[in-house]
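For reference, the structure discussed in these notes is given below.
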Amino acid sequence: ICIVAVVVQVQGISRNIKKVKIFAGHLAQGDLTIEKLEERKQDELGEMSRSLNEMFTSNQKVIGDISQYSQKINTSSTDLSNATEELMKQFEKIESYMAEVNEAMMSSSAATEEVTASVEEVNSAMVILASETVQNSETALEIKERAPSMPPVVPSDFSLCSGVSG
């Protein structure tokens with residue numbers, strides 16, 4: 001009877017050790033889908049089962065936290081990607097506006113150069129006109145000064161006026 005009792009007890013211990021071994025193997029492979037060990041006994045196997053269950057629960061919590069933070073990082077990454085795309089669109093608009101401003105400035109610069117050239121032409125013509133005006137004025141003064149000393153010019157041939165009756 002004693003031998004039978006010892007054999008039954010050894011078989012029970014062996015089964016529990018086998019369950020603990022299988023459970024520990026699953027944990028080592030990262031399998032968190034297994035069921036916790038039963039913690040009925042107060043012996044060393046019971047304590048080992050409790051420790052393995054605590055490790056299992058802790059691993060599940062860590063994996064859950066990692067999954068939750070991973071989702072937050074994924075959401076933040078998506079938001080950052082969307083913000084980056086929006087910034088790129090804004091930069092493209094700014095680049096387009098800058099090109100338009102540059103084109104307008106170049107056009108304005110060309111028009112300014114044309115106006116400057118026209119003003120220079122007008123100034124040159126004004127200088128020539130002023131010079132000719134001064135010269136003509138001097139010539140008119142000379143004629144005016146010589147006019148009193150000149151005899152009146154009367155045409156000797158009145159044939160030009162013959163058709164005029166008087």
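Expressed to the nearest 0.5 Å, how far CD1 of I128 lies from CG of N123 amounts to 11.0 Å. Atoms CD and CD, from E145 and E142 in turn, are 7.5 Å apart once rounded to the nearest 0.5 Å. Atom CE of M48 is separated from atom NZ of K21 by 13.0 Å, given to the nearest 0.5 angstrom. To the nearest 0.5 Å, atom CG of residue D31 and atom CG of residue N59 are 11.5 Å apart. For the atom pair CG (L45) and CZ (R50), the distance works out to 10.5 Å, reported to the nearest 0.5 Å. One distance of note links CG of N53 with CD of Q60; it measures 10.0 Å at 0.5 Å rounding.
Of all heavy-atom pairs between F23 and K36, the closest is CE1-CA, 3.9 Å. L52 approaches L27 most closely through the heavy-atom pair O-CD1, 3.9 Å. Of all non-hydrogen atoms in E47 and Q42, the two that sit nearest each other are OE2-O, 4.1 Å.
For CG of L141, the number of neighbouring non-hydrogen atoms (other residues, nucleotides, ligands) closer than 6.0 Å is greater than 12. Heavy atoms of other residues, nucleotides or ligands lying less than 6.0 angstrom from CD of Q9 number 12 at most.
With T139 contributing its side chain and Q135 its backbone, the two residues share a donor-acceptor pair below 3.5 Å. With hydrogens and angles ignored, the 3.5 Å screen pairs a side-chain donor or acceptor of S76 with a backbone N or O of K72.
Considering only heavy atoms from C-beta on, S58 stays 4.5 Å or farther from E54 through its side chain. With a 4.5 Å cut-off on side-chain heavy atoms, K89 and K93 do not count as touching.
For the residue pair K19 / S49, no side-chain donor-acceptor distance below 3.5 Å is found, with atom types taken as modelled.
Each of V20 and I22 belongs to its own hydrophobic cluster when Ile, Leu, Val, Met, Phe, Trp and Tyr are linked at side-chain heavy-atom distances under 4.5 angstrom. Hydrophobic clustering places I94 together with L87 (ILVMFWY residues linked when any side-chain heavy atoms are closer than 4.5 Å, directly or through intermediates).
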Without placing hydrogens or testing angles, list every side-chain donor-acceptor pair under 3.5 Å for residues 96-118, not counting sequence neighbours.
unit_1, atom_1, unit_2, atom_2, d
T112, OG1, S108, O, 2.8
T116, OG1, T112, O, 2.8
S118, OG, E114, O, 3.1

Candidate pair L37 and F56, rule side chain to side chain contact (heavy atoms under 4.5 Å, CB included), full reasoning: CA-CA 10 Å; L37 290 171; F56 174 72; over 6 Å; no
